[in-house]
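Below, chains carry the letters A, B, ... as their sequence lines are ordered, and counting in each starts from 1.
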Number of protein chains: 2
Amino acid sequence: MTDTEERKRGGGARLVYDTLRDEILDLALQPGEPVDEAGLADRFAMSRTPVREALVRLAGEGLVTMLPNRSTVVSQIDFPNLYAFFDALTLMYRVTTRLAAEFHTDADLHIIRARQATFAKAVMAGDTAAMITRNRDFHAAIAEAGRNPYYTPLFIRLLDEGRRILRLYYYPAFAPQDPHPYITEHEAIITAVAARDIPLCDRLAKDHADRIVQQIQAMIAADRRQPITL
Amino acid sequence: MTDTEERKRGGGARLVYDTLRDEILDLALQPGEPVDEAGLADRFAMSRTPVREALVRLAGEGLVTMLPNRSTVVSQIDFPNLYAFFDALTLMYRVTTRLAAEFHTDADLHIIRARQATFAKAVMAGDTAAMITRNRDFHAAIAEAGRNPYYTPLFIRLLDEGRRILRLYYYPAFAPQDPHPYITEHEAIITAVAARDIPLCDRLAKDHADRIVQQIQAMIAADRRQPITL
DNA sequence: CCCGCAAATCTTGTCGACAAACTTTATGCA
DNA sequence: TGCATAAAGTTTGTCGACAAGATTTGCGGG
């Protein structure tokens with residue numbers, strides 16, 4: 001935690017941004033929790049200026065909310081509108097996979113397969129947290145292959161927000177299935193993308209998204225705690 | 001231009017952000033043009049700090065690009081990927097209109113109809129520039145009625161980027177048609193939204209988007225200048 | 001005349017400080 | 001005691017200044 005190394009010029013804001021982003025998505029910083037500029041400046045051993053820049057960027061992505069003349073707080077998870085989240089997530093799964101089928105190159109497929117291998121390892125190991133981030137990386141690679149710079153950032157934001165939502169619940173233990181449905185579904189998606197079969201990609205992506213949404217909803221339903229907004 | 005009024009605390013960055021955003025979308029600041037912090041600070045009679053905050057926000061939306069240790073420049077219009085723009089624009093037209101049909105309230109309809117009236121006035125007056133912004137406002141209202149906070153900002157960004165693209169070309173003179181297709185299409189959309197007819201909304205939105213895309217492409221094709229990237 | 005290197009200039013990234021606005025604590029009055 | 005008001009204490013928004021990095025200018029050699 002004590003990083004006494006001197007940072008490169010311009011690396012300050014980046015460091016704070018990356019660190020805070022990760023802590024917010026991991027719920028190390030809980031929704032509603034105030035984020036003190038001076039405290040962060042002290043923690044990262046830098047001035048308030050780069051800290052502030054990081055906060056402005058995080059606010060632009062909706063991860064924090066800067067209340068004018070008041071403290072910055074970690075944004076709440078929008079539970080009343082979870083439907084909107086699932087709707088957008090499913091749509092992005094579909095369109096990015098479709099576009100990947102259309103526009104991917106061999107290099108893209110290489111990256112996608114590598115991500116899938118890493119994802120499979122996380123699933124085999126039963127590491128749910130790693131599985132979530134690796135699933136994100138896998139689909140981010142597919143989105144990149146689709147070459148639509150408007151969809152990709154939104155999709156990544158949605159996948160990250162999904163990580164944040166899932167962190168709220170206890171991860172269920174994995175039943176070590178082999179082959180695991182997630183893995184086989186990913187493999188099917190890769191095959192369909194490589195074959196440039198757009199309708200099939202659309203169907204597979206929708207099924208994949210539906211399964212994930214269903215899983216999340218099941219976890220929420222299983223958890224009797226009602227989300228309370230402060 | 002000489003605003004000697006003293007600004008409210010916190011209004012500095014907002015003023016710079018709004019002004020620059022508008023100037024970028026109107027091409028008063030051309031793509032690739034460097035944006036000097038000190039110059040802006042001088043122009044708005046404030047320190048570089050709020051100027052920098054505005055630039056960071058604009059960079060977050062992709063309107064400017066901050067080169068590390070180098071000047072900030074107005075982002076280029078991504079001509080090689082115009083297809084991606086049209087694809088995303090059309091999709092957002094469709095999904096926001098669909099969702100509006102599903103989730104709108106009477107208050108939403110009120111706002112939408114008001115925006116449509118303003119839009120119609122711009123069309124009648126043959127004011128192409130106003131027509132573009134009013135069309136944006138109209139569809140932004142529909143997106144708001146759809147109540148999906150993930151789609152709405154993306155859609156607004158796309159509509160604004162469309163304004164920027166259209167500014168590149170000479171606006172064709174309006175043939176004063178009455179009733180004008182754009183107006184009647186909007187009216188049809190309003191009726192379909194009010195009737196909560198989702199499939200009809202989807203079809204109307206797609207047709208509307210296709211018409212607009214076609215119009216933009218026609219303007220680009222009519223203009224023989226090849227977009228040159230510096 | 002052209003090319004490469006060094007000095008000068010410019011722009012950005014960061015810092016510490018100060019003032020405005022908000023929050024909390026203390027005080028006075030009913 | 002309860003409440004409104006005032007004082008003290010935080011926290012943010014803004015400022016001017018300085019240093020690191022990049023760009024331009026100037027100079028010398030080929």
Side-chain angles (χ1 to χ4, degrees), chain A residues 2-21 23-24 29-75 230, chain B residues 2-21 23-24 29-75 230:
Chain A
T2 57
D3 28 16
T4 52
E5 304 184 26
E6 44 194 67
R7 275 172 277 283
K8 277 180 230 136
R9 180 183 169 87
R14 182 62 167 272
L15 175 66
V16 176
Y17 172 82
D18 289 336
T19 307
L20 283 190
R21 177 190 176 80
E23 290 181 353
I24 291 171
L29 293 174
Q30 295 192 2
E33 187 169 337
V35 181
D36 183 34
E37 293 180 9
L40 288 173
D42 190 48
R43 171 181 165 197
F44 287 97
M46 60 179 71
S47 168
R48 265 180 52 221
T49 307
V51 171
R52 192 150 229 278
E53 178 174 330
L55 291 183
V56 169
R57 284 215 270 159
L58 288 170
E61 293 180 40
L63 290 179
V64 303
T65 307
M66 300 184 81
L67 307 163
N69 285 325
R70 262 193 303 289
S71 69
T72 299
V73 297
V74 177
S75 296
L230 307 180
Chain B
T2 57
D3 29 15
T4 52
E5 303 183 28
E6 45 195 66
R7 273 172 279 282
K8 277 179 234 137
R9 179 184 170 85
R14 181 62 168 271
L15 175 65
V16 177
Y17 172 83
D18 288 337
T19 307
L20 283 189
R21 175 188 177 80
E23 291 182 352
I24 291 172
L29 292 174
Q30 295 192 3
E33 187 169 338
V35 181
D36 183 35
E37 293 179 10
L40 288 172
D42 190 48
R43 172 181 164 196
F44 287 98
M46 61 180 70
S47 169
R48 267 179 53 220
T49 306
V51 171
R52 191 150 229 279
E53 178 172 329
L55 291 183
V56 169
R57 282 214 272 160
L58 289 169
E61 292 180 41
L63 289 178
V64 302
T65 307
M66 300 184 82
L67 307 163
N69 284 325
R70 263 194 300 289
S71 69
T72 299
V73 297
V74 178
S75 296
L230 307 180

(Q) Quick check on DNA chain D: between A:Thr49 and B:Asn69, whose nearest nucleotide comes earlier from the 5' end? (A) A:Thr49
Q. Taking CZ from B:Arg7 and P from C:dA19, how many angstroms apart are they, rounded to a whole number?
A. 20 Å
Q: Mind calculating the distance between NZ (A:Lys8) and C1' (C:dT14) to the nearest angstrom?
A: 17 Å
Q) Which nucleotide, D:dT12, D:dA20, D:dC15, lies nearest any side-chain atom of B:Met46? A) D:dC15
(Q) Is it the case that the side chain of B:Thr72 and the backbone of B:Met66 share a donor-acceptor pair, with hydrogens and angles ignored and the cut-off at 3.5 Å? (A) no
Q: State, with a plain yes or no, whether a side-chain heavy atom of B:Glu61 is found less than 4.5 Å away from one of B:Ile24.
A: no
Q: To the nearest 0.5 angstrom, please state how far the CG atom of A:Asp36 sits from the CZ atom of A:Arg48.
A: 9.0 Å
Q. Contact class for B:Gly11 (heavy atom, under 4.0 Å): base, sugar-phosphate, or nothing?
A. sugar-phosphate
Q: Measure the distance from CG on B:Asp36 to C1' on C:dT9 and round it to the nearest whole Å.
A: 14 Å
Q | Nearest heavy-atom neighbours spanning B:Ser75 and B:Pro31 | A | O-CB, 3.5 Å
Q) Expressed in angstrom and rounded to an integer, what is the separation of A:Asp42 atom CG from D:dT12 atom C1'? A) 17 Å
Q.
Both B:Pro68 and B:Ser47 contact DNA chain D. Which one's nearest nucleotide lies toward the 5' end?
A. B:Ser47
